[in-house]
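See below for the structure under consideration.
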Amino acid sequence: MSHPDLFAERKTYFVDVILPLAIAKTYTYRVPFELNEKIGIGKRVIVQFGKNKVYSAIVRDIGTAAPEKYEAKYILDVVDDYVIVDEGQLKLWDWIADYYMCHLGEVMQAALPAALKMASETKIVAADNAELDRSTLSDKAFLVLDALDVAGELSVADVTKILGQKTVFPLLKSLFEQGFILISEEIKERYKPKTKAFLRLASTYNDGEGLHLLLDSLNRAPKQQDAVLGYIQLSKMQEHITRQDLMEASGCGSSAITSLIDKGVFEVQEQVVSRFQGVDVLLTKDFTFSEEQQRAFEEINKQFEEKDVVLLHGVTASGKTQIYIRMIEQALQSAKNVLYLLPEIALTTQITERLKLHFGNDLGVYHSKFNDNERAEVWHKVLKNEYKVVIGARSSIFLPFRDLGLIIVDEEHESSYKQYEPAPRYHARDTAIYLAYLHHAKVLLGSATPSIESYYNAKAKKYGLVQLLQRFGEAQLPSIEIVNIAEAARKGEMQSYFSKTLLDAIGEAVSKKEQVILFQNRRGHTPFVQCSTCGYVAKCINCDVSLTYHKSSNLLHCHYCGHTENTVSVCPACGMPHMESKGYGTERVEEELEILMPDLRIGRLDLDSAKGKHGFERIISAFDDHEYDVLIGTQMVAKGLDFGRVSLIGILNADTIINFPEFRAYERAFSLFSQVAGRRDAVKTKAG
């Protein structure tokens, strides 16, 4: 269809619209004469689809030809005064639907925030904001909010019935933009920055006399007296003092500090801190490149003269993020916008703290942990070109960029960039390259362990290749020691699942007040249970994969569908009582290490222990505060976390990861081991 003269009077127009549904084609509707001047490609319109369902759909095309096979229904209303999805985005949607073999409606469903694709079944709730003044609202708006106060939650269909009209979307849009309502399925707690509790001596005791009286009053509580003296010594060397710092410096216990807090001697202050330890990006607004970084920066710019995509192969802690910052600054000087993609929501939040120093209010953040108010706000600000730099996870490629000049894809090898369920099953890295093509922009891919396909493209000269193989500053690459478990077992040096080498190294690290990470990429207690007589293995009735035994629940769990069964002591196949546990997961490793080294403070980080809203954050913060000597974890410990006290990382039974029955096993094992080893400036990594 061609774009008509929209201002022609009394002319009948038809629009092809994209509905947020998995249907094979766009659907055609008729435009009422009174809406002729409001209609436009990329705007949302209200349409009825099916008997009772009403949707906000995106106009894909406008013309004058009626559909041949069915009678077109009228659109009910036009929601927007300006274009929400521009032509460039629609081209990207077309490409995704074609390349990833899905429907345009599924792409729309993934691309738009919930508030921009409301349907009759969408739930709305009143925003919890007492400062909003309802007196200025229209009677209908007031009626909707009054009904929400009574019911708590309403669907759009409910609102339609209350007001006795089908065109309620413009009203709801207005209430949403003013902050009166929220979309209920998108109400999530914002991802919170990391905070740490610091101790401060109460102001009463800051002068010499007050401090002298305090110490005298603690003569009968020597441990509390030691804690105060320890605080005074520490405060001369460092500004912020944690409970753990004070316990180590003074030798007092936690109860002594708690008593001083209860007495009002110490005050506890929560402060936001960075999750990084400064190994890759410095917490300064101005920084100077090392010689290697300067060479890499100049080489990237030189490669961009000929190539649209450049792969930056930089080892962990080589200062890649500093190069990204300079590349962003360079793009902004050319009046171009920048998209910075990261694979994990947690990493997005962490690195935002750094980038805010450099780009301030020009920086927008976009990912699925934001509630819908925030996501819709970012969408509109990008549309109006208020954000020059956007940092986000894979969904941020759908934002309505105006003049994109550079896309940075950090950790480009990460599998998190691929969406598996539901459709569209797109890969954000590959989609970003096509998005850059549409905008005539450049793409910088960064990784310490590039994916095979990206590295091949670079070697085949399709992409540019720049290498950064030295760590920033004085940081050294980790030394890696491989322990032959079979040989150690033959010599009688194995204790449970641990080699003597690893146990000795753990003991040495802990004695120096350092920390240890043990990596075992299987959660649960026992990966499978097998009958030693007939070979029967307990399997899931839904997925036909082996069930994992979890000691915490004393049940057999399927890690695919969540099915659980009671444990079996007698084989259901042959009837013999010879069911044996085979292999070991993080629960079993924790159990065995507690037996071998009972004095260790051990934490576990996997999908089971990190359940709940703040489970992950709680365990990571506890380890960072040195509440644990050893952290046992799955690949959750491998990504983007840096701990200042970690000096040893043990990878248990590396063979099972390398020989996993999957065609990318070698590639992922190498990437995973490199990431685990990169959790500290200079670590001794033991694989066995």
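Predicted model only: the values in this text are computed from it and were never measured.
Taken to the nearest 0.5 Å, the CG atom of L332 stands 8.5 Å off from the NZ atom of K388. With rounding to the nearest 0.5 Å, the separation of CD1 in I84 from CZ in R44 is 5.0 Å. The distance from atom OG1 of T634 to atom CZ of R604, rounded to the nearest 0.5 Å, is 10.0 Å. From L445, atom CG reaches atom CG of D410 across 10.0 Å, with rounding to the nearest 0.5 Å. Here CD of E153 is found 9.0 Å from CG of L148. Values are rounded to the nearest 0.5 Å. From T567, atom OG1 reaches atom CG of N554 across 4.5 Å, with rounding to the nearest 0.5 Å.
Remark: side-chain polar atoms of E106 are not paired, donor with acceptor, to backbone N or O of Q109 under 3.5 angstrom. Looking only at distances, a side-chain donor or acceptor of Y417 sits under 3.5 Å from a matching main-chain atom of L341. Judged purely by atom type and a 3.5 angstrom limit, D16 has no side-chain atom pairing as donor or acceptor with the backbone of R60. Of the possible donor and acceptor atoms, one in the side chain of K43 sits under 3.5 Å from a partner among the backbone N and O of K38. Under a 3.5 Å cut-off, the side chain of N36 and the backbone N or O of K11 do form a donor-acceptor pair. The closest donor-acceptor contact from the side chain of R425 to the backbone of Y420 lies under 3.5 Å. Within the 3.5 Å criterion, the main-chain N or O of L143 finds no donor-acceptor partner in the side chain of D146. Judged by distance alone, with hydrogens and angles left aside, the side-chain atoms of D86 form a donor-acceptor pair with the main-chain N or O of G88 at under 3.5 Å. Of the possible donor and acceptor atoms, one in the side chain of Q178 sits under 3.5 Å from a partner among the backbone N and O of S174.
V17 is not listed as a side-chain neighbour of T28, based on a closest heavy-atom distance of 4.5 Å or more. In this structure, the side chains of L145 and L137 come closer than 4.5 Å at one or more pairs of heavy atoms. Looking only at side-chain heavy atoms (C-beta outward), V389 and N337 stay at 4.5 Å or farther from each other. The side-chain heavy atoms of Y340 and V390, taken from C-beta on, include no pair separated by under 4.5 Å. Put simply, the side chain of L90 reaches to within 4.5 Å of the side chain of I41, judged on heavy atoms. Counting heavy atoms from C-beta on, the side chains of C102 and V107 come closer than 4.5 Å.
The aromatic ring centroids of F33 and Y74 lie 6.0 Å or more from each other. You'll find the ring centres of Y29 and F14 outside the 6.0 Å limit.
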Begin with the C-alpha distance, continue with both residues' side-chain angles, and end with the deciding distance and a verdict on side-chain hydrogen bond (donor to acceptor under 3.5 Å, both in side chains) for H427 and T431. CA-CA 6 Å; H427 198 297; T431 307; over 6 Å; no

I'd like to know whether Y55 forms a ring-ring contact (aromatic ring centres under 6.0 Å, His included) with Y27, so could you lay out the CA-CA distance, the side-chain angles of the two residues, the decisive distance to 0.1 Å, and finally the verdict. CA-CA 12 Å; Y55 296 94; Y27 208 75; over 10 Å; no

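Residue K91 places its NZ atom among 12 or fewer non-hydrogen atoms of other residues, nucleotides or ligands, all under 6.0 Å distant. Summarising the local packing, CD of E421 is surrounded by more than 12 heavy atoms from other residues, nucleotides or ligands at distances under 6.0 Å. Environment of NZ in K161: sparse, with no more than 12 heavy atoms of neighbouring residues, nucleotides or ligands closer than 6.0 Å. Within 6.0 Å of the CG atom in D149, the count of heavy atoms belonging to other residues, nucleotides or ligands exceeds 12. The local environment of CD in E34 is crowded, with over 12 non-hydrogen atoms from other residues, nucleotides or ligands closer than 6.0 Å.
Listed here is the closest heavy atom pair of A432 and V409: CB-CG2, 4.3 Å. The nearest pair of heavy atoms linking A111 to Y366 is O-OH, 4.2 Å. The two atoms that bring G42 and I58 nearest to each other are CA-CG2, 4.2 Å, heavy atoms only. Nearest heavy atoms, S416 versus R394: O-NH1, 2.7 Å. For the pair I75 and I39, the tightest heavy-atom approach, listed with the atom from each and the gap, is CD1-CD1, 3.7 Å. In terms of heavy atoms, I328 sits closest to I408 at CG1-CD1, 3.7 Å.
Side chains of E412 and S451: a donor-acceptor N/O pair is present below 3.5 angstrom, by distance only. Looking only at atom types and distance, the side chain of T564 has no donor-acceptor partner in the side chain of H557 under 3.5 Å away.
Between E453 and R429, at least one side-chain N (NZ, or NE/NH1/NH2) sits under 4.0 Å from a carboxylate O, which counts as a salt bridge.
Screening residues 379-408 for ring-ring contact (aromatic ring centres under 6.0 Å, His included) gives F398-Y426 as the qualifying pairs, with residues at least two apart or on separate chains. Applying the ring-ring contact (aromatic ring centres under 6.0 Å, His included) rule to pairs touching residues 88-111 yields W95-Y99, W95-Y100, W95-Y434, sequence neighbours excluded.
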